[in-house]
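One structure is given below, encoded as C-alpha cells.
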Amino acid sequence: MKILILGAGGFIGSSLTQSILEKTSWTVYGLDLNDEKLAECLGHERFHFTRGDMINQMDWVEEHIQKCDVILPLVAIANPALYVQDPLRVFSLDFEANLPIIRMCVEHKKHLVFPSTSEVYGMCQDPAFDEETSNFITGPINKQRWIYSCSKQLLDRVIYAHGVRDGLNYTLFRPFNWIGPKLDAIGDPAQGSSRALTHFLSHIFYNKRINLVDGGQQMRSFTDIEDGVAALLSIIENKNGCANQKIFNVGNPHNNHTIAHMAQMILDTLETYPEYAALAQSVVVESVSAAAFYGQHYQDTQHRVPAIEQARVHLGWVPQFDLKHSIETTLAYHLSPERKHLLG
Ligand code: UGA
C-alpha cells in the first residue's frame, strides 16, 4: 500500500511515518518544509521524502494523490496562541490550503484520512463528547480562538457532504491532546507559542516560571502519541472497510487531568533525574490570567473528554498509556545525550 503524508515532518506525521516503516510493509511518500523530526526515517527504502511547501507544489501533490492509496493531509496550524495572534493565517492554511486536496481526493477516488480535532466540540458540556450526537459550542466572533475550531468543523462538513454526494471514502479522526516526544521544539519560545506540555518544559529549561492559565484547573484528556498512531495504523489498514466514512475521537478518557496536575507531574518526573533535581525544585509555578497570557481574543474550554466507543467497536482500539508514561518518554527524548545540548 502507498501512503501520502502531507506534513510528514510534523508531530503526528513524523511519529506515524516512523511507525509505518517499523511495523508495516507500506511505502510512504512525504512532503514537508522540515525534516528535523524525521531523522530515523530519512534514507529508508520505503520512505520517499520531498522537501517543499504544499501550497506551491500542487502539481506534485496531485501527482502523488493519483499515485497513492491513502492520503493524509496533516498540514495545519494547531497551536492556540496562533489562533489568536494570526487567525487569518490559520484559516488560510488549515481551511483554504486543504480544500483543493479534499477535492482531488474526491476526483481521484482516494481514501482520505483527515485530521479533524477535539476543538470542534468547543465548550460542549456533554460528560463525554460523542461523534454522532454532541453539539459544537463555540464563543462569540471576538473570541478569535475559535477560528481553528470553525475551520476544521467546516472541513468536516465539506468532507461529509462529499461522502454523501460523491461517495468519497473518508475517515475523520479527532485527536484529543495528543502528546509525546516530538510535539513541539523546546527552544526558548516566546510566551504562549507552543502547547502546554512543551511550553512548560521550555520554561523549566530556560529558568522561567511555569504559567498556569487562570489557575490551571481546566482539564484535558491527554493521549499518548503511541496510542494515537496505533489508531491511525488501524484506520489506514482499514480491514474489511472498518474505517470507511467514519468519524473517530482518538483520545484517552481515563487520562483526564487538570493542567496544574500535569505541570506538577512534569516537575516530579524531572526531579528523578539527579542532574536536574535542583532545577525541578527551584521552578516557580504561578497563575496568570488568560487575558494576560493570550490576549483578549482567547477563550478556553474547561472540559474535554472523548467518547471512544466508535474507535473501540470499529477499530478494536483502546488507549494503553497514561500521562506519566507520556511525560517520561518526552523527558527521556529531550534529555537524551544526542539532544540535551539543545536545551538552555
Ligand atoms: C489544543 C490545540 O488546539 C490543538 O493542539 C489540538 O487541536 C487540540 O487542542 C487537541 O490536541 O486536542 P489546547 O488543549 O487548549 O488546544 O492546547 P494547549 O495549548 O496544550 O493548552 C492546554 C491548556 O493549558 C489550556 O487551558 C491553556 O490555557 C493551558 N496552558 C497552556 C497553561 O496553563 N499554560 C501554558 O503555558 C500553556
Side-chain angles (χ1 to χ4, degrees), residues 7 10-12 74 76-85 87 90 94 114-124 129 138-139 143-153 155-156 172-180 182-184 186 189-204 206 208-225 227-228 248-253 255-266 283-295 297-306 323 326-327 330:
F11 169 48
I12 297 178
L74 303 182
I77 292 169
N79 179 334
L82 291 171
Y83 312 159
V84 294
Q85 281 163 23
V90 172
D94 293 20
F114 196 82
S116 178
T117 171
S118 66
E119 290 240 352
V120 294
Y121 297 102
M123 297 175 287
C124 180
F129 304 166
T138 52
K143 297 301 180 191
Q144 299 194 87
R145 185 248 170 83
W146 302 114
I147 198 161
Y148 171 73
S149 171
C150 293
S151 299
K152 287 286 195 179
Q153 181 192 154
L155 288 171
D156 285 7
L172 293 170
F173 65 98
R174 298 197 171 135
F176 277 65
N177 289 84
W178 290 12
I179 56 172
K182 295 179 180 173
L183 178 58
D184 299 299
I186 301 180
Q191 182 150 311
S193 68
S194 69
R195 286 161 285 200
L197 169 63
T198 34
H199 201 63
F200 290 163
L201 291 177
S202 71
H203 276 222
I204 292 168
Y206 285 85
K208 294 180 183 170
R209 294 168 179 224
I210 284 186
N211 298 134
L212 296 178
V213 172
D214 287 341
Q217 291 310 301
Q218 59 277 47
M219 300 182 86
R220 295 292 189 270
S221 297
F222 295 102
T223 308
D224 194 275
I225 184 67
D227 281 327
F248 296 115
N249 290 335
V250 182
N252 191 337
N255 236 359
N256 191 34
H257 299 284
T258 66
I259 299 300
H261 178 76
M262 181 180 71
Q264 192 54 52
M265 205 182 256
I266 294 170
V283 172
V284 176
V285 181
E286 66 175 9
S287 177
V288 298
S289 73
F293 192 79
Y294 288 107
H297 299 300
Y298 182 75
Q299 187 171 32
D300 208 345
T301 179
Q302 300 303 308
H303 155 84
R304 179 187 282 168
V305 178
L323 178 59
S326 305
I327 290 173
T330 303

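Since we're looking at a predicted model, the values are computed, not measured. Remember, it's 1-based here, ligands and their atoms both numbered in the order they're listed. Numbers for residues simply follow the sequence, beginning at 1.
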Close-contact set for ligand 1 against Arg195 heavy atoms, below 4.0 Å
5 (O), 19 (O), 20 (O)

Would you confirm whether the ring centroid of His261 sits within less than 6.0 angstrom of the ring centroid of Phe222?
no

So Ile327 and Met262, do their side chains get closer than 4.5 Å, heavy atoms only?
yes

Tyr83 heavy atoms within 4.0 Å reach ligand 1 at atoms 2 (C), 3 (O), 4 (C)

Which of parallel (below 30°), tilted (30 to 60°) and perpendicular (above 60°) describes Phe176 and Tyr121?
tilted

If you measure every N/O of Asn177 against every N/O of ligand 1, is any gap under 3.5 Å?
yes

Looking at OG of Ser149 and NZ of Lys143, how far apart are the two atoms once the value is rounded to the nearest 0.5 Å?
15.5 Å

Is there a heavy atom in Arg174 that sits closer than 4.0 Å to ligand 1?
no

Using a strict cut-off of 4.0 Å, indicate which atoms of ligand 1 neighbour a heavy atom of His199.
35 (C), 36 (O)

Near Phe176 (heavy-atom distance under 4.0 Å), the atoms of ligand 1 are 12 (O)

Side chains of Ile225 and Lys182, heavy atoms from C-beta outward: is any pair under 4.5 Å?
no

Part of Ala81 within contact of ligand 1 (heavy atoms, under 4.0 Å)
neither

Hey, is ligand 1 close enough to Asn79 that some N/O pair sits below 3.5 Å?
no

Backbone or side-chain N or O of Val213 under 3.5 Å from ligand 1 N or O
yes

Classify the contact between Arg145 and ligand 1 as side chain, backbone, both or neither, using a heavy-atom distance cut-off of under 4.0 Å.
side chain

Suppose we screen for ring pair (Phe, Tyr, Trp, His ring centres under 6.0 Å). Which residues come up paired with His303, at least two apart in sequence or across chains?
Phe129

Applying side chain to side chain donor-acceptor pair (under 3.5 Å), run through Tyr294 and Asp300 and close with a yes or a no.
CA-CA 10 Å; Tyr294 288 107; Asp300 208 345; over 6 Å; no

Proximity to ligand 1 by part of Tyr298, non-hydrogen separation under 4.0 Å
side chain

Using heavy atoms and a 4.0 Å limit, tell me yes or no: is Pro80 in contact with ligand 1?
yes

Pairs of nitrogen or oxygen atoms closer than 3.5 Å, one from Asn211 and one from ligand 1: do any exist?
yes

Show which atoms of ligand 1 fall inside a sub-4.0 Å distance from at least one heavy-atom site of Ser118.
8 (C), 10 (C), 12 (O)

Mind listing the closest non-hydrogen atom pair of Ser221 and Asn252 along with its distance?
CB-O, 3.4 Å

Step by step, work out the side chain to side chain donor-acceptor pair (under 3.5 Å) result for Ser116 and Asp156.
CA-CA 7 Å; Ser116 178; Asp156 285 7; 2.6 Å; yes

Ligand 1 versus Arg304, non-hydrogen atoms closer than 4.0 Å: side chain, backbone, both, neither?
side chain

Please give me the minimum heavy-atom distance between Ala81 and Val84, naming the atom from each residue.
O-CG2, 3.2 Å

For Asp300, which part has a heavy atom under 4.0 Å from ligand 1: side chain, backbone, both, or neither?
side chain

Tyr148 heavy atoms, cut-off 4.0 Å: which ligand 1 atoms fall inside?
3 (O), 7 (O)

Pull out every atom of ligand 1 sitting under 4.0 Å from any heavy atom of Glu119, numbered as shown with elements.
1 (C), 2 (C), 3 (O), 7 (O), 8 (C), 9 (O), 16 (O)

If I take atom CD1 from residue Ile204 and atom CD1 from residue Ile210, how far apart are they, to the nearest 0.5 angstrom?
4.0 Å

Any nitrogen or oxygen of Phe200, main chain or side chain, under 3.5 Å from a nitrogen or oxygen of ligand 1?
no

Which of the atoms of ligand 1 are close to Ile259, meaning less than 4.0 Å from one of its heavy atoms?
22 (C), 23 (C), 24 (O), 33 (O)

For Arg304 versus Asn256, what's the shortest heavy-atom pair and its separation?
O-OD1, 4.2 Å

Salt bridge (charged side-chain N to carboxylate O under 4.0 Å, His left out): which pairs involve residues 209-218, sequence neighbours left out?
Arg209-Glu286

Between Gln218 and ligand 1, which part of the residue brings a heavy atom under 4.0 Å of the ligand: side chain, backbone, both or neither?
side chain

Output yes when the distance from some N or O of ligand 1 to some N or O of Ala78 is under 3.5 Å, and no in every other case.
yes

